[in-house]
Amino acid sequence: MEPTTTPPSTKRPLSLVRCFERHDALLLEGALGERLKREYALTPDPHVALAAFVRSEAGRHALCELWQGYWQTAVRYGLPFLATTPTRRANRERTRQAGEDEGLLRDCMTLLAGLKAGWERTPTYTGGLMGCKGDAYTGEGALDEEDARRFHAWQADILADAGADFLYAGIMPTLPEALGMARALAATCLPYIISFSLLDKGTLVDGTPLHTAIQHIDSRTERPPLCYMTNCVHPDIVRKALLQPVNRTELVRRRFQGIQANAAPLEYAVMDNATSLLTSAPDDLAHGMLGLRELTAMKIFGGCCGTDGRHLEAIARRFSLRRSATPDSGTGA
């Protein structure tokens, strides 16, 4: 199920920014890492993790099969689709440790872009995924703002040059590194998203309230993010975070617009050290995710640890039913 050559469309594609403005929901891919390990018996590289899978036929096939399945769900329910490269851990330092160079990132983007060439039945956007330098769940090894800008610029520039439609910084645990990351992503002139590691007390892992983090990054970047998100966390935890008084603000309601959810309502330390798959019923997860729209202008919905095609199907189906019941709730195609 690897990419095949498809005649280019003559229709001018809608930019991600315009798509984001015009649609009230976008579907982001579900889990890759857990499924690649458990369903395909693939072992991540100790340095660059999932990115190394583009180096084997089995890895490329598995990635394409998972992306294809998630995209088909988006098509069935008429939702724009976002997919990202498996490059969160493939920063400059780790890429060198793996004996690789920038070609690894380019190959990841080429693989995903090749699939996108055949995905014409719904607006589809391919993102370059990035992450913090250290531990996303504890903040250990986090960079300060300026070091982060310099460190992350290498990966951001390569992914942008390789053809990414947008850049996505996932599970960012500390404000200084998230700000430096945002500055590096903004310099590429691509739309970008900053996604935080979020605790139920309403803060990033370093103790910064969500409102403060958004306010700080918005005010310190010439090109602020398209929106802010959280990933690798259950919607029940996110709901508690959003209900904290410090986050009951218009800024959070307006700018915090996405979740890539874990399927189990457990803290990062438990999820990170789990030896078995921790999951929950697809409909329950979907209900919790869409329920967050009561608190913020949520638009981007995707899956992380413990999710699979059933969870993405339940999310898309529930949104479709809601949209059918309230036809004026959307902004149109």
Side-chain angles (χ1 to χ4, degrees), residues 28 88 130-149 152 167-186 192-262 264-272 288-302 304-305:
L28 179 61
R88 187 177 71 86
M130 299 173 57
C132 63
K133 181 177 185 292
D135 193 309
Y137 305 116
T138 67
E140 183 178 354
L143 299 171
D144 65 28
E145 178 187 340
E146 185 55 29
D147 285 345
R149 183 196 64 78
H152 293 300
L167 298 174
Y168 176 36
I171 34 181
M172 299 296 294
T174 66
L175 176 56
E177 185 164 6
L179 175 56
M181 171 74 85
R183 290 176 59 201
L185 302 190
Y192 68 97
I193 297 168
I194 299 293
S195 186
F196 299 118
S197 305
L198 191 61
L199 305 180
D200 61 4
K201 61 183 179 180
T203 71
L204 280 58
V205 171
D206 68 355
T208 303
L210 176 62
H211 169 88
T212 303
I214 294 173
Q215 183 181 54
H216 199 68
I217 294 173
D218 271 358
S219 66
R220 292 286 302 277
T221 50
E222 292 185 9
R223 292 181 54 255
L226 179 66
C227 69
Y228 297 87
M229 292 180 50
T230 187
N231 63 311
C232 207
V233 63
H234 192 273
D236 288 357
I237 294 174
V238 178
R239 173 173 284 275
K240 291 177 182 178
L242 293 174
L243 287 173
Q244 296 296 327
V246 70
N247 294 326
R248 298 299 301 273
T249 66
E250 176 58 27
L251 179 66
V252 172
R253 173 176 287 276
R254 176 172 52 86
R255 295 287 283 138
F256 187 75
Q257 294 185 269
I259 179 172
Q260 195 169 14
N262 285 346
L266 302 172
E267 296 179 351
Y268 286 123
V270 178
M271 293 292 293
D272 195 31
M289 291 174 69
L290 269 69
L292 296 175
R293 290 169 65 94
E294 301 167 2
L295 302 175
T296 74
M298 280 283 177
K299 283 193 175 187
I300 300 177
F301 300 93
C304 201
C305 300

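Only heavy atoms go into these numbers, but all of them, side chains included; no hydrogens, no water, no symmetry mates.
- Counting heavy atoms from C-beta on, the side chains of Cys227 and Ile300 come closer than 4.5 Å.
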task = Might you work through the side-chain contact (heavy atoms from CB on, under 4.5 Å) test for Gln215 and Leu251, ending with a clear yes or no?
result = CA-CA 8 Å; Gln215 183 181 54; Leu251 179 66; 3.6 Å; yes
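- Side-chain atoms of Asn262 do not come within 3.5 Å of backbone N or O of His234 as any donor-acceptor pair.
- With Gln257 contributing its side chain and Tyr228 its backbone, the two residues share no donor-acceptor pair below 3.5 Å.
- When side chains are defined from C-beta on, Tyr137 counts as touching Ile171, because their heavy atoms get closer than 4.5 Å.
- The shortest heavy-atom contact between Ala261 and Pro235 is CB-CD, 3.8 Å.
- In this structure a side-chain-to-backbone donor-acceptor pair under 3.5 Å is missing from Asp135 to Glu140.
- In terms of modelled atom types and a separation under 3.5 Å, the side chain of Gln260 and the main chain of Cys304 share no donor-acceptor contact.
- A donor-acceptor contact shorter than 3.5 Å is absent between the side chain of Thr208 and the backbone of Leu204.
- Proximity of Ile217 to Leu175: side-chain heavy atoms (C-beta onward) are separated by under 4.5 Å at one or more points.
- The side chain to side chain donor-acceptor pair (under 3.5 Å) analysis of residues 240-254, with sequence neighbours excluded, yields the pairs His211-Thr249.
- With sequence neighbours left out, Phe301 forms a ring-ring contact (aromatic ring centres under 6.0 Å, His included) with no residue at all.
- In this structure, the separation between CG on Leu242 and CD1 on Ile237 is 12.0 Å, given to the nearest 0.5 Å.
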task = Please test His152 against Glu177 for side-chain contact (heavy atoms from CB on, under 4.5 Å), starting from the C-alpha separation and ending with a verdict.
result = CA-CA 9 Å; His152 293 300; Glu177 185 164 6; 2.8 Å; yes
key: Trace of the side-chain contact (heavy atoms from CB on, under 4.5 Å) decision for Val238 with Asp200   = CA-CA 6 Å; Val238 178; Asp200 61 4; over 6 Å; no
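- Side-chain N or O atoms of Thr296 include none that pairs as donor or acceptor with a backbone N or O of Arg293 at under 3.5 Å.
- Here the side chain of Thr174 pairs no donor or acceptor atom with the backbone of Asp206 at under 3.5 angstrom.
- Across all non-hydrogen atoms, the minimal contact from Pro265 to Asp236 is CB-OD2, 4.3 Å.
- A search for salt bridge (Lys or Arg N to Asp or Glu O under 4.0 Å) contacts involving Arg223 returns nothing, not counting sequence neighbours.
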Contacts under 3.5 angstrom, residues 178-186 side chains, donor-acceptor by atom type, not counting sequence neighbours:
{"unit_1": "Arg183", "atom_1": "NH1", "unit_2": "Glu145", "atom_2": "OE2", "d": "2.9"}
{"unit_1": "Arg183", "atom_1": "NH1", "unit_2": "Glu146", "atom_2": "OE1", "d": "3.2"}

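- With sequence neighbours excluded, the residues that form a side chain to side chain contact (heavy atoms under 4.5 Å, CB included) with Pro173 are Cys132, Ser197, Val205.
- Considering only residues two or more places apart in sequence or on other chains, Glu294 meets the salt bridge (Lys or Arg N to Asp or Glu O under 4.0 Å) condition with Arg239.
- No option in Asn231, Thr230, Leu28 other than Thr230 meets the side chain to side chain contact (heavy atoms under 4.5 Å, CB included) test with Ile259.
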request  = Kindly determine whether Tyr168 and Met229 satisfy side-chain contact (heavy atoms from CB on, under 4.5 Å), including the steps that lead there.
outcome  = CA-CA 10 Å; Tyr168 176 36; Met229 292 180 50; 3.6 Å; yes
